[in-house]
Protein chains: 2
Amino acid sequence: MSHTSGVRQAQKRQTRQALLDAGLRLLEQQNLSSLGLRELTREVGVSPAAFYRHFPDLAALGVALVEEALGSLHGVVRAVMAQTSDSGDLIDRAVAIIAEYVERHRPHIRFVARERYGGVREVRAAIAAQLHRFADEVASGLAAQPLSAGWTPEELRVLAELYVDHMVSTAAAFLDVPADDPEARDHLVHAARMRLRIISLGRAHWLDETV
Amino acid sequence: MSHTSGVRQAQKRQTRQALLDAGLRLLEQQNLSSLGLRELTREVGVSPAAFYRHFPDLAALGVALVEEALGSLHGVVRAVMAQTSDSGDLIDRAVAIIAEYVERHRPHIRFVARERYGGVREVRAAIAAQLHRFADEVASGLAAQPLSAGWTPEELRVLAELYVDHMVSTAAAFLDVPADDPEARDHLVHAARMRLRIISLGRAHWLDETV
DNA sequence: AAATTCGGCGAACGGTTGTTTACTGAATGA
DNA sequence: TCATTCAGTAAACAACCGTTCGCCGAATTT
């Protein structure tokens, strides 16, 4: 039995990560489908052929980047949904978390926004799968709240998708705000909160008419 | 004074349109930034150099496609907003119009969805400008409704953006539904209506808390 | 100590790309 | 009728592309 990580494996992981990092850097300014394999390996300082030791395709690298970008977010979503505070506070916190996440992972989020409807099928599918999981998590979080009494699972699902949609478009909007323009940022935070409040208000009164 | 359209001009417009049509066809399966100039002219059956008689760039062709895709929609939006019927009916009608528009202009809408956050700055800007105009139109439509009494212009603007966002993401969702799957389509129509109702409900109760 | 595994390299392959050039020939205008 | 305009052409440019090949040398296993 060998070490779980010998020198060999560690070095391989290192250049694999270098490929991912360089890819993300280059993808800040262009599409995945216009990223060249040679362009990428040149940036890393490695021969073109070396790429194939790690990925069969640039599409595969894209899928790996999707996991990197959104994988760690599921825990965050579940944590937010599990919180028990009044809804106003929860909304403010959710918006703040989105804003912070975008700021700290700007290239990753930009990549996801670009490729969500981009030209590479595998990557589109990977992103769609992640968003689907987010909706699942939000839906089950909502189901645990007292406000959801009387809602069918299908209705909760639609509501969850609405929240996720809002999360995505808010994140995309934050991308367009320059890092050094706190005023525009605050404006966006304010708007995002208001939109969330409108949705939550609609949710609270959903059963009024049918009763 | 010459004719407004001689044979010369008419033929020029014709090949220009052929370039746009072929571009749209090719862009159903790929990004604008991965579309080749030669690939395009080959599809049209014209020499590569001919392209420059009509556009300086592929980016310029992209901008023209944005106008083609969204330009005619402003009238539709204004017409819908001007309608005076109960809100439930209006919601159903709006969703139906979106669904139909996507079905009849699928390649155009796909193009816009792809390039909204795509790799070509000029095209992104053109799309953002169009969406901005949509928000303006929706906002002024909302302002004319009695329900908007007590709303500040800023609040109306945020609400309008929420509606436009919803319109866009609904349209994008329709893109993923195969043309021969009316069941999935109906499911989507139903979900879109519900989301719109939630938003409209939230709007109706927005002033409850501050009063 | 010897055998094997394997990440990375350099070179070559046929093919593509965007752009410029000088040109042709039909539509246009004097 | 003659001169001009101009959409479209063919050819050439240098540069770049993804992929495959055999090989090297260090890490690993026997």
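Here is the naming used below: chain letters follow the sequence lines, and residue numbers restart at 1 for every chain.
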Engineer: For the pair B:R110 (side chain) and B:A172 (backbone), establish whether a donor and an acceptor sit closer than 3.5 Å, ignoring hydrogens and angles.
Structural biologist: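 Side chain of B:R110 to backbone of B:A172: no pair is present.
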Engineer: What's the closest nucleotide to the A:S47 side chain, out of C:dC9, C:dG18, D:dC17?
Structural biologist: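 The answer is C:dC9, which lies nearest to the side chain.
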Engineer: Which is true for A:R16 with a 4.0 Å heavy-atom rule: it touches a base, it touches only sugar-phosphate, or it touches nothing?
Structural biologist: nothing
Engineer: Go through C:dT16, C:dG18, C:dA12 for me and flag the one nearest to the A:R38 side chain.
Structural biologist: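 The listed nucleotide nearest to A:R38's side chain is C:dA12.
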Engineer: With distance as the sole test, does A:T170 use its side chain to make a donor-acceptor pair with the main-chain N or O of A:A192 at under 3.5 Å?
Structural biologist: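 The answer is no, because no donor-acceptor pair under 3.5 Å joins these two groups.
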Engineer: Given C:dG18, C:dG8, D:dA27, identify the nucleotide with an atom nearest to the side chain of B:L37.
Structural biologist: C:dG18
Engineer: I need the CZ-P distance between A:F51 and D:dT19, as an integer number of Å.
Structural biologist: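 Result: 9 Å.
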Engineer: How would you summarise protein contacts on nucleotides 20-26 of chain D per nucleotide, using B for base, S for sugar-phosphate only and - for none, with heavy-atom distances below 4.0 Å?
Structural biologist: B-----B
Engineer: Identify the two heavy atoms, one from A:V123 and one from A:V63, that lie closest to each other, and give their separation to 0.1 Å.
Structural biologist: CG2-N, 3.9 Å
Engineer: Tell me: CG of A:L19 to P of C:dG7, nearest whole Å?
Structural biologist: 13 Å
Engineer: Not counting sequence neighbours, list each pair that qualifies as a salt bridge (charged side-chain N to carboxylate O under 4.0 Å, His left out) and has a residue in residues 169-189 of chain A.
Structural biologist: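 Sorted pair list: A:E103-A:R185.
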Engineer: Return the value, rounded to whole Å, for the distance between atom CZ of A:F55 and atom P of C:dG8.
Structural biologist: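 Nearest whole value for this atom pair: 12 Å.
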Engineer: To the nearest Å, give me how far apart CG (A:L40) and P (D:dC16) are.
Structural biologist: 16 Å
Engineer: Can you tell me if B:Q17 and B:E68 form a side-chain donor-acceptor pair at under 3.5 Å?
Structural biologist: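 Side chains of B:Q17 and B:E68: pair found under 3.5 Å.
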Engineer: Please figure out whether B:L58 or B:Q11 has its closest DNA chain C nucleotide nearer the 5' end.
Structural biologist: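 It is B:L58, whose closest nucleotide lies nearer the 5' terminus.
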Engineer: Can you tell me the distance, in whole Å, between the CZ atom of B:R42 and the C1' atom of C:dG15?
Structural biologist: 11 Å
Engineer: Mind calculating the distance between NZ (A:K12) and C1' (C:dT5) to the nearest angstrom?
Structural biologist: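 Value for this atom pair: 11 Å.
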Engineer: Is the phosphate of C:dG7 approached by A:T15 (side-chain N or O, under 4.0 Å from OP1 or OP2)?
Structural biologist: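 No.
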Engineer: Check whether any side-chain N or O of B:T15 sits under 3.5 Å from a backbone N or O of B:A18 as a donor-acceptor pair, and report yes or no.
Structural biologist: no
Engineer: Judged by atom type as modelled, is there a donor-acceptor pair below 3.5 Å linking the side chain of A:E155 to the main-chain atoms of A:T152?
Structural biologist: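 Yes: the side chain of A:E155 pairs with the backbone of A:T152.
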Engineer: Rounded to the nearest angstrom, tell me the gap between atom NE2 in B:H54 and atom P in D:dT9.
Structural biologist: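 Whole-Å distance recorded here is 9 Å.
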Engineer: For A:L32 and D:dG18, give me the distance from atom CG to atom P, rounded to whole Å.
Structural biologist: 12 Å
Engineer: If you compare all heavy atoms of A:E43 against all heavy atoms of A:A22, which two are closest, and at what distance to 0.1 Å?
Structural biologist: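 Closest approach of A:E43 to A:A22: CG-CB, 3.6 Å.
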Engineer: Quick one: bend of the helix from C:dT19-D:dA12 to C:dA30-D:dT1 from 5 pairs per end, to 10°?
Structural biologist: 10°
Engineer: I need the minimum non-hydrogen distance between A:A50 and A:H54, along with the two atoms involved.
Structural biologist: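 Nearest heavy atoms, A:A50 then A:H54: O-CD2, 3.5 Å.
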